[in-house]
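Single-structure report; data block below.
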Amino acid sequence: MTPLKTTPITAQLLRGAIELEHTEHGVLPHRLPARARARGVDAQLAMSETQPSGVRLAFRTRATSVELDTLPTKRVYVGAPPRPDGVYDLLVDGRLAGRGSVAGGNTVTVDMSTGSVTTEPGEVGTLRFAGLPDIVKNVEIWLPHNETTELVALRTDAPVEPVPDSGRKVWLHHGSSISHGSDAASPSTTWPALAASLGGAELINLGFGGNALLDPFTARTMRDTAADLISVKIGINLVNHDVMRLRAFVPAVHGFLDTIRDGHPTTPLLVISPILCPIHETTPGPCATDLTELASGRLRFRATGDATDPTRLTLTTIREQLAAIVAMRAADDPNVHYLDGRSLYGEGDTAELPLPDALHPDAKTHRRMGERFAELAFGSGVFGDTAA
């Protein structure tokens with residue numbers, strides 16, 4: 001048996017991360033840079049941006065055995081069913097070749113009825129893949145999209161080098177927990193990851209659970225990140241957090257897009273409105289956990305806002321406003337486009353694929369959304385002529 005050799009984990013071996021932080025254990029991929037994290041990031045966003053949705057180790061090697069030591073951080077919600085361990089996807093030359101998880105690690109316990117959060121430290125674990133083909137190949141290990149993951153050590157039985165540039169276009173996407181991955185089966189099967197694979201693009205996913213809130217630091221991060229294709233999915237978090245009224249929404253969207261345009265003046269820019277979410281179509285937020293359902297061990301959400309107040313945002317209002325904003329901007333920006341999110345998941349899908357918790361799509365719905373986005377945006381859509 002060939003002994004395994006350790007290769008330092010550097011930015012050259014990682015894709016989809018904005019920045020790496022060196023920790024006492026190894027390196028922690030971030031999806032927001034330090035200057036953004038210093039701009040009043042709350043606890044939920046601090047957790048979301050360290051959950052490496054779309055981040056993957058990518059290297060070229062002849063290795064038949066690969067080991068990866070990581071320190072995961074698990075989430076536990078009091079009263080809710082236990083969450084499974086995060087999933088790692090192994091891709092060999094672009095095809096799924098294995099899956100695994102790392103048990104243990106740190107534990108963060110959240111009590112949604114009181115808002116309390118406690119953390120218990122844990123141990124480093126090891127992910128192992130063996131029996132890989134004995135040929136030179138491109139290997140990707142997609143990190144768990146919903147589990148903060150510190151990378152401690154990479155070991156292989158053959159040398160490792162960065163994957164050469166494929167010439168594929170870089171797609172930079174921002175959205176909510178649905179873009180982050182919500183209840184997708186694995187990191188390479190979130191809807192953005194599936195769409196990128198089908199569209200032949202390299203994904204940088206800035207989907208942040210609960211935090212697609214038109215934050216200026218997110219817009220600046222997108223402005224400063226190299227990309228060939230850009231999309232922003234706006235709406236659901238603004239409604240379920242009830243963070244602004246109609247008066248603030250329209251200029252906030254313009255400001256967010258203006259900032260992106262400061263760094264990407266002619267890059268194809270696709271503005272995506274929310275997918276169908278029946279509880280918030282005509283009822284504003286805030287969104288709340290259904291405590292009755294939680295007492296029975298089920299996690300579900302409900303809308304609690306005043307539907308009679310015309311200044312409060314609903315998904316219906318947001319779609320109308322986004323369509324109008326994009327139409328206005330398109331008069332002097334031919335590279336900005338609009339996609340109604342209901343074309344990814346709409347009325348015709350709810351009977352077959354209802355949202356299990358009334359807010360987030362399941363694994364089958366992620367697949368449907370990814371396939372539809374690939375067809376609408378990459379196939380004959382606005383990204384179709386520019387993607388490799």
Side-chain angles (χ1 to χ4, degrees), residues 18 54 168-176 178-179 191-192 195-196 198-208 211-239 244 246-275 313 315-346 369-370 372-388:
I18 295 296
R168 293 178 10 147
K169 301 295 184 180
V170 175
W171 170 33
L172 176 64
H173 175 70
H174 170 56
S176 68
I178 299 171
S179 296
W191 81 257
L198 292 168
E202 291 285 347
L203 174 66
I204 300 176
N205 187 2
L206 301 187
F208 302 126
N211 279 278
L213 296 172
L214 298 175
D215 288 318
F217 52 75
T218 301
R220 289 194 293 271
T221 299
M222 299 184 76
R223 175 197 66 191
D224 298 338
T225 300
D228 304 293
L229 314 165
I230 299 174
S231 57
V232 291
K233 195 167 182 298
I234 299 169
I236 186 64
N237 289 157
L238 297 169
V239 173
M244 63 177 61
L246 182 60
R247 166 62 182 82
F249 172 72
V250 172
V253 172
H254 278 297
F256 196 90
L257 299 179
D258 284 344
T259 299
I260 293 173
R261 277 296 186 232
D262 286 343
H264 303 277
T266 61
T267 302
L269 173 57
L270 182 60
V271 177
I272 312 166
S273 68
I275 66 170
L313 296 176
L315 298 188
T316 299
T317 301
I318 280 179
R319 289 192 198 97
E320 293 171 351
Q321 293 298 322
L322 288 178
I325 288 168
V326 173
M328 178 188 302
R329 297 179 69 95
D332 55 15
D333 181 355
N335 293 309
V336 66
H337 306 272
Y338 173 73
L339 178 67
D340 189 321
R342 292 171 298 181
S343 63
L344 305 179
Y345 176 86
M369 289 176 60
R372 286 181 175 173
F373 187 87
E375 179 182 354
L376 293 169
F378 287 103
S380 57
V382 298
F383 294 168
D385 293 335
T386 50

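FYI, side chains are in, hydrogens and waters are out, and symmetry mates aren't considered; it's all heavy atoms of this structure. This is a predicted model, so every value here is computed, not measured. Numbers for residues simply follow the sequence, beginning at 1.
Expressed to the nearest 0.5 Å, how far CZ of R220 lies from OG1 of T225 amounts to 12.5 Å. Distance check, rounded to the nearest 0.5 Å: CZ of F208 to OG1 of T218 gives 5.5 Å. Atom CZ of R372 is separated from atom OH of Y345 by 10.0 Å, given to the nearest 0.5 angstrom. Taking CG of L229 as the start and CZ of R168 as the end, the distance is 11.5 Å to the nearest 0.5 Å. In this structure, K169 NZ and F378 CZ are separated by 12.0 Å, a value rounded to the nearest 0.5 Å.
Every residue two or more places apart in sequence or in another chain that forms a side chain to side chain donor-acceptor pair (under 3.5 Å) with S273 is listed here: Y338. Taking I318 as the reference, L238, V239, F249, P274, L313, L322 meet the side chain to side chain contact (heavy atoms under 4.5 Å, CB included) condition, with sequence neighbours excluded. Partners of F256 under the ring pair (Phe, Tyr, Trp, His ring centres under 6.0 Å) rule, at least two apart in sequence or in another chain, are H174. Contacts of S231 classified as side chain to side chain donor-acceptor pair (under 3.5 Å), with partners at least two apart in sequence or in another chain: W171, H173. Listed by chain and residue number, nothing satisfies the side chain to side chain donor-acceptor pair (under 3.5 Å) test with N211 (two or more places apart in sequence, or in another chain).
Annotation for I204 and A226: closest pair CD1-O, 4.3 Å, computed over non-hydrogen atoms. Smallest separation of non-hydrogen atoms from I325 and H254: CG2-CE1, 3.6 Å. Closest of all the heavy-atom pairs between S176 and I236 is OG-CG2, 3.4 Å. Taking each heavy atom of I275 and I178 in turn, the nearest pair found is CD1-CD1, 3.8 Å. Contact detail for F383 and I230: the closest heavy-atom pair is CZ-O, 3.5 Å. Counting all heavy atoms, side chain and backbone alike, S179 lies closest to G207 at CB-CA, 4.1 Å.
Here the side chain of D228 pairs a donor or acceptor atom with the backbone of V170 at under 3.5 angstrom. Proximity of a side-chain donor or acceptor of R223 to a complementary backbone N or O of I260 within less than 3.5 Å is not detected. N237 places a side-chain N or O within donor-acceptor distance of the main-chain N or O of A212, the cut-off being under 3.5 Å.
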Carefully, step by step, assess V271 and H337 under the rule side-chain contact (heavy atoms from CB on, under 4.5 Å).
-> CA-CA 6 Å; V271 177; H337 306 272; over 6 Å; no
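A 4.5 Å side-chain heavy-atom check between L339 and V382 finds every atom pair outside the cut-off. Residues I272 and L270 have side chains in contact (heavy-atom distance under 4.5 Å, counting atoms from C-beta outward).
Within the structure, the salt bridge (Lys or Arg N to Asp or Glu O under 4.0 Å) test picks out no pair touching residues 373-383 (sequence neighbours left out). Residues in residues 255-272 take part in these side-chain hydrogen bond (donor to acceptor under 3.5 Å, both in side chains) pairs, two or more places apart or across chains: D258-R329, R261-D333.
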